[in-house]
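Following: one structure in structure tokens, then a few remarks.
The structure presented is a predicted model; accordingly, all values stated were derived computationally and were not measured. All ligand and atom numbering here is 1-based and tracks the order in the structure.
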Amino acid sequence: MLTIHSGYDLTAFNTLAMPAKAQFFTELNDLSDLPELLDFIVQHDLATLWIGGGSNLVLADEVPGCVVHILTKGIELISDSKESVLVKVAAGENWHDLVTHCLENERFGLENLALIPGSVGASPVQNIGAYGVEVADLIDRVEVFDTFSNSFVVMGNADCQFAYRDSLFKRNPGRFIITSVIFKLSKQFEAKCSYAALQGWLDAQGIKELSAQAIFDAVVAVRQSKLPNPELLPNAGSFFKNPVVSNECFESLRQTYPEMPNYPDAAGIKLAAGWLIDQCGWKGHYRERVGVHKDQALVLVNHAGGSRSDIDELSNDIKQSVFDRFSVQLEQEPIAYP
Ligand SMILES: Cc1cc2nc3c(=O)[nH]c(=O)nc-3n(C[C@H](O)[C@H](O)[C@H](O)COP(=O)(O)OP(=O)(O)OC[C@H]3O[C@@H](n4cnc5c(N)ncnc54)[C@H](O)[C@@H]3O)c2cc1C
């Protein structure tokens with residue numbers, strides 16, 4: 001049964017706590033309500049924003065159209081072989097709860113992605129990644145409702161066009177409603193801890209036996225020590241993607257900044273956006289309503305009821321100063337809507 005609200009306050013539905021108001025808002029708990037919801041959307045000719053935890057959004061004060069909070073639940077084992085399992089998960093499941101559930105049931109692969117806020121349905125949208133793992137590595141297929149063809153479609157991993165913090169879904173906002181994600185998880189655990197911060201924490205704790213639980217605990221501890229909890233200090237995680245530059249551009253930057261962190265990438269060299277921003281003196285920058293986190297230059301925070309214009313102004317100033325100093329263009333990671 002759908003209840004559709006109008007003029008709905010979304011402050012509690014986005015982790016940046018933008019004081020946004022939706023023209024219409026509803027919760028989708030059951031896919032059987034989808035036809036009724038789609039009828040309402042078509043009848044009123046509404047743009048639609050499908051949301052989970054609202055942890056990757058920068059909302060405007062007024063959000064026209066219909067905001068749909070997807071809350072469908074279900075975790076189902078659909079195939080079980082000697083080496084691996086396929087697990088089908090409904091879009092509205094909480095991401096970290098899924099990671100915990102898989103660990104408890106010895107289905108391995110998701111450990112490095114522990115504690116990322118948000119829903120399972122959003123995980124393919126920006127191909128979430130952390131500590132050397134991207135969710136695209138673990139997705140077998142994604143079930144969607146395609147609002148263009150008006151039909152349910154199963155999209156294989158390659159169809160999703162995953163890239164660094166990107167996918168077909170992110171490039172076609174509003175078109176696909178992700179209803180379930182099917183993960184291919186391993187029965188044998190293989191530790192992935194090449195990431196310096198992770199290895200550093202394990203070394204510091206003297207942990208030699210790299211079990212799945214040990215990696216999970218390390219990821220949780222490192223994240224808790226580095227990232228502000230949005231419930232205490234509203235934020236949307238990393239606000240900028242790590243920029244990828246050409247080899248020539250990197251060589252020229254390295255002449256002036258030999259200490260610049262860099263990582264090989266298929267498209268060139270990946271730079272650390274946080275380092276670039278920090279070099280421009282932004283860490284801890286404080287404005288009346290918004291600012292840059294005191295320990296994490298990549299995280300913009302909303303400490304006193306700031307709105308989209310406050311965040312946009314700060315983000316543009318940061319981008320400009322990084323460009324002026326390094327000639328590198330930063331790209332925003334969270335999705336600005338509308
Ligand atoms: C403290 C913090 C740390 C973070 N750390 C990381 C990190 O390490 N790595 C990382 O990759 N991200 C990180 N993020 C970003 C964020 O957690 C992820 O992008 C997450 O997947 C967003 O999930 P959500 O449910 O909150 O999505 P929302 O913010 O609700 O939505 C994000 C986008 O996905 C779309 N969407 C959501 N659900 C669906 C659906 N079912 N069907 C179709 N479209 C949908 C929305 O329309 C929107 O475009 C972090 C955020 C915070 C606040």
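- Of the protein's non-hydrogen atoms, the one nearest atom 4 (C) of ligand 1 is Arg223 NH2, 3.4 Å.
- Under 4.0 Å is where a charged nitrogen must lie from a carboxylate oxygen, and between Lys187 and Asp80 at least one such pair does.
- Proximity of Pro173 to ligand 1 is not established, as no heavy-atom distance is less than 4.0 Å.
- Looking at Asp146 and Arg175, their side chains come closer than 4.5 Å, going by heavy atoms from C-beta outward.
- By heavy-atom distance, the residue among Ala122, Gly237, Pro334 lying nearest atom 53 (C) of ligand 1 is Gly237.
- In terms of protein heavy-atom proximity, atom 1 (C) of ligand 1 is nearest to Asn235 OD1, 3.5 Å.
- Distance from atom 28 (P) of ligand 1 to its nearest protein heavy atom, with residue and atom name: Gly54 N, 3.6 Å.
- Atoms of ligand 1 lying under 4.0 Å from at least one heavy atom of Ala236, given by number and element, are 51 (C), 52 (C), 53 (C).
- The atoms of ligand 1 that sit less than 4.0 Å from any heavy atom of Ala130 are 8 (O).
- When only interatomic distances are considered, the shortest N/O to N/O separation between Ser238 and ligand 1 does not fall below 3.5 Å.
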field: Step-by-step side-chain contact (heavy atoms from CB on, under 4.5 Å) determination, Arg223 to Tyr131
entry: CA-CA 10 Å; Arg223 291 187 72 95; Tyr131 303 104; 3.7 Å; yes
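- Side chain to side chain, Asp324 and Gln320 meet the donor-acceptor criterion of an N or O pair below 3.5 Å.
- Rounded to the nearest 0.5 angstrom, Thr147 OG1 and Ile41 CD1 are separated by 9.0 Å.
- When heavy-atom distances to ligand 1 are checked against a 4.0 Å cut-off, Thr15 comes that close only through its side chain, counted from C-beta outward.
- In terms of protein heavy atoms, atom 7 (C) of ligand 1 is closest to Gly129 O, 3.6 Å.
- Ion pairing between a basic and an acidic side chain is recognised when a charged N comes within 4.0 Å of a carboxylate O; Lys192 and Asp137 show no such pairing.
- If you number the atoms of ligand 1 from 1 as listed, the ones under 4.0 Å from a heavy atom of Ile51 come out as 30 (O).
- For ligand 1, the atoms sitting less than 4.0 Å from at least one non-hydrogen atom of Phe176 are 42 (N), 43 (C), numbered in the order shown with element in parentheses.
- Per-residue contacts place Gly118 under 4.0 angstrom from the following atoms of ligand 1 (heavy atoms of the residue considered): 23 (O), 24 (P), 25 (O), 26 (O).
- Taking a cutoff of 4.0 Å between a charged side-chain nitrogen and a carboxylate oxygen, Lys226 and Asp295 do not qualify as a salt bridge.
- Using bins of under 30°, 30° to 60° and over 60° for the plane-to-plane angle, the ring pair Trp275/Tyr257 lands in the perpendicular bin.
- The shortest side-chain heavy-atom distance between Phe145 and Leu38 falls under the 4.5 Å cut-off.
- Within the 4.0 Å heavy-atom criterion, both parts of Ile178, backbone and side chain, lie near ligand 1.
- Scanning the protein heavy atoms around atom 20 (C) of ligand 1, the nearest turns out to be Pro117 O, 3.4 Å.
- If you take CG on Asp203 and SG on Cys193, they are separated by 8.5 Å, rounding to the nearest 0.5 Å.
- Counting heavy atoms under 4.0 Å from ligand 1, residue Leu49 touches it through the side chain alone.
- Heavy-atom proximity to Arg165, at under 4.0 Å, picks out these atoms of ligand 1: 11 (O).
- By the 4.0 Å N-to-carboxylate-O rule, Glu143 lies close enough to Lys88 to be salt-bridged with it.
- Counting heavy atoms only, Gln126 comes closest to atom 10 (C) of ligand 1 of the residues Lys226, Gln126, His69.
- Qualifying salt bridge (Lys or Arg N to Asp or Glu O under 4.0 Å) partners for Lys170, counting only residues two or more places apart in sequence or in other chains: none.
- Shown in contact with Ile335 at under 4.0 Å from a heavy atom are these atoms of ligand 1, numbered in order with element: 33 (C), 48 (C), 49 (O).
- Within ligand 1, the atoms closer than 4.0 Å to a non-hydrogen atom of Ile116 are 6 (C), 7 (C), 8 (O), 9 (N), 13 (C), 17 (O), numbered from 1 in the order shown.
- Residue contacts with ligand 1 include Trp50, since one of its heavy atoms falls under 4.0 Å from the ligand.
- At a 4.0 Å cut-off, not a single heavy atom of Lys170 sits close enough to ligand 1 to count as contact.
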